[in-house]
Amino acid sequence: MRADPSPLPPDPRHDWSCLDRAARDAAYDNNAAVPDAAAQAAARNAASAAYRAAHPGALDIPYAPAPRTALDLYPAADPAAPCLVFIHGGYWQRNSRDLFACFAEGPAAAGWSVAMPGHTLAPEASLTQIVEEIGLALDWLAEHGPAHGLSGPLVLAGWSAGAHLAAMQLHHPAVVAGLAISGVYELGPIRDTGLNDALSLTDAEVAALSPLRLPVVGKPLAIAYGTAERPALVHDARDFHALRSAHHAPGPLLPVVGAEHFSILSELRRPGGVLVRAAIDLIEGRHA
């Protein structure tokens with residue numbers, strides 16, 4: 001585990017009942033916390049459009065009937081190479097897989113395949129349904145991936161809400177390990193923010209879909225966060241790793257020094273980046 005040199009920020013949820021709605025919203029507002037968030041997103045979207053245009057061979061492949069339940073595949077030259085299955089973020093209600101294509105660059109440079117599933121967004125789908133859709137995407141990859149040049153082990157990764165979805169499907173039999181980046185692993189406080197307007201989380205969903213409340217999955221899971229993230233996300237990452245460690249589940253805690261919620265993904269896009277190396281280590285660790 002890498003040491004986080006920055007002081008641990010206080011968790012605003014410790015005084016949650018004393019906060020008004022605006023303060024609770026701010027605790028999870030990554031866009032407002034990063035001054036150039038819009039510029040970073042615009043650059044990401046442009047780079048992703050260029051990457052998709054340069055790799056058009058296996059895009060928009062349906063894995064289920066809904067319009068967004070499709071996969072973009074970027075097979076490696078070696079069909080047996082590991083495959084990073086990357087789930088986009090957007091608090092389960094924004095964004096789409098095509099806007100994150102550029103983050104296949106880092107794994108591809110390491111000789112990996114990449115698969116990017118989309119999913120239905122809230123409020124059209126409940127969070128329960130979204131989690132189930134990711135399971136269907138993994139079912140599809142297990143059955144049909146080899147026919148598309150993806151026959152290697154699957155490492156399930158995700159960023160932000162995608163990290164939550166990756167944690168929720170780590171148990172899937174097709175998955176050998178996971179990489180959760182800047183995720184939310186406790187849903188209770190989300191119900192007290194504007195994010196819940198679209199999610200409409202129920203008591204049962206908070207209990208069943210909060211990784212911090214669930215039995216620990218023993219597969220390797222690297223949990224990454226930026227040291228300049230919103231404190232609630234920093235604490236979720238550290239608490240989730242502590243829970244897993246208490247149950248002797250493998251996988252490092254990876255604080256990315258100086259990174260905020262958006263810039264952390266540069267470590268997945270950059271060949272040899274911290275997050276690319278983390279994915280490789282998960283696979284190599286299986287054979288150590």
Side-chain angles (χ1 to χ4, degrees), residues 4-35 37 87 89-95 121-131 158-170 180-217 221 223-247 249 253-256 258-262 264:
D4 183 348
S6 59
L8 185 63
D11 189 339
R13 298 169 300 185
H14 288 166
D15 298 312
W16 201 240
S17 63
C18 300
L19 302 181
D20 61 17
R21 174 65 176 266
R24 292 177 180 180
D25 285 349
Y28 289 94
D29 193 340
N30 297 303
N31 288 293
V34 179
I87 310 168
Y91 277 130
W92 310 278
Q93 56 196 279
R94 296 189 294 271
N95 293 329
L121 301 178
E124 184 178 348
S126 68
L127 188 51
T128 298
Q129 293 169 316
I130 293 169
V131 171
W159 166 75
S160 196
H164 164 268
L165 295 172
M168 288 302 304
Q169 286 292 353
L170 184 64
I181 308 162
S182 304
V184 175
Y185 309 112
E186 168 55 56
L187 298 180
I190 294 288
R191 285 203 296 178
D192 299 322
T193 72
L195 296 171
N196 200 50
D197 294 347
L199 293 167
S200 300
L201 293 166
T202 65
D203 288 345
E205 285 181 313
V206 170
L209 303 179
S210 292
L212 275 164
R213 303 190 188 199
L214 299 178
V216 168
V217 177
L221 178 67
I223 300 171
Y225 68 94
T227 62
E229 300 248 22
R230 293 279 76 199
L233 273 65
V234 172
H235 281 272
D236 262 20
R238 293 171 66 100
D239 291 348
F240 192 29
H241 182 263
L243 172 67
R244 288 178 49 81
S245 294
H247 289 80
L253 181 67
L254 297 174
V256 180
E260 28 78 358
H261 194 66
F262 303 97
I264 191 172

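All values reported here derive from a predicted model rather than from experimental measurement.
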Problem - Over all atoms of both residues, closest heavy-atom pair of Leu19 and Arg24 - result: O-NE, 3.2 Å

Practice task
Specify the closest pair of heavy atoms between Ala249 and Val216, including all atoms of both residues, with the distance to one decimal.
Solution key: CB-CG1, 3.6 Å

Handout entry: For the student: nearest non-hydrogen atoms of Ala198 and Ala122, plus distance
Key = O-CB, 3.7 Å

Exercise for the section: Report yes if some heavy atom in the side chain of Pro12 is under 4.5 Å from a heavy atom in the side chain of Pro231; otherwise report no. Expected result: yes

Handout entry: Enclosure of Gln129 CD (heavy-atom neighbours >12, cutoff 6.0 Å)
Key = yes

Fill in the blank from the handout: Rounded to the nearest 0.5 Å, the CG atom of Asp11 sits from the CG atom of Leu233 at a distance of 10.0 Å

Practice task
Give a yes or no answer on whether the side chain of His247 reaches the backbone of Pro215 with a donor-acceptor pair at less than 3.5 Å.
Solution key: no

Problem - Test side-chain contact (heavy atoms from CB on, under 4.5 Å) applied to Leu8 and His235, step by step - result: CA-CA 8 Å; Leu8 185 63; His235 281 272; 3.6 Å; yes

Problem - Minimum side-chain heavy-atom gap Val206-Glu186 below 4.5 Å - result: yes

Handout entry: Test item: Trp159 side-chain N/O and His261 main-chain N/O as donor-acceptor pair under 3.5 Å
Key = yes

Completion exercise
Rounded to the nearest 0.5 angstrom, the CH2-OG distance for Trp92 and Ser126 is 12.5 Å

Practice task
Could you tell me the separation between the CG atom of Leu243 and the OH atom of Tyr185, rounded to the nearest 0.5 Å?
Solution key: 12.0 Å

Practice task
Would you mind telling me which of Leu127, Leu165, Thr202, Leu214 makes a side chain to side chain contact (heavy atoms under 4.5 Å, CB included) with Leu209?
Solution key: Leu127

Completion exercise
In short, Pro255 meets Leu253 closest at the heavy-atom pair CD-O, 3.3 Å

Problem - Side-chain donor/acceptor of Asn196 to backbone N/O of Leu201, under 3.5 Å - result: yes

Problem - Test item: Glu260 side-chain N/O and Ala33 main-chain N/O as donor-acceptor pair under 3.5 Å - result: no

Handout entry: Flag side-chain contact, heavy atom, 4.5 Å: Asp197 against Gln93
Key = no

Handout entry: Ion pair check, Arg213 and Asp203, cut-off under 4.0 Å
Key = no

Practice task
Measure from the side-chain N and O atoms of Gln169 to the backbone N and O of Val131, and report whether any donor-acceptor pair falls under 3.5 Å.
Solution key: yes

Practice task
Indicate yes or no: does Asp236 engage Arg13 in a salt bridge with an N to O separation below 4.0 Å.
Solution key: yes

Exercise for the section: Determine the minimum heavy-atom distance between Phe262 and Val34, stating which atoms define it. Expected result: CD1-CG2, 3.8 Å

Exercise for the section: Spell out, as yes or no, whether a donor-acceptor pair under 3.5 Å connects the side chain of Asp25 to the backbone of Gly194. Expected result: yes

Problem - Atom pair CG (Leu187) and NE2 (His164), whose distance is rounded to the nearest 0.5 Å - result: 4.5 Å

Handout entry: Arg94 side chain vs Gly89 backbone, donor-acceptor pair below 3.5 Å
Key = no

Exercise for the section: Measure from the side-chain N and O atoms of Tyr91 to the backbone N and O of Tyr28, and report whether any donor-acceptor pair falls under 3.5 Å. Expected result: yes

Problem - Smallest separation among heavy atoms of Tyr225 and Ser182, with atom names - result: CA-OG, 4.3 Å

Problem - Ser210 side, atom OG; Ile190 side, atom CD1 - distance, nearest 0.5 Å - result: 9.0 Å

Exercise for the section: Please round to the nearest 0.5 Å and tell me the distance separating atom CZ of Arg230 and atom CG of Asn30. Expected result: 8.0 Å

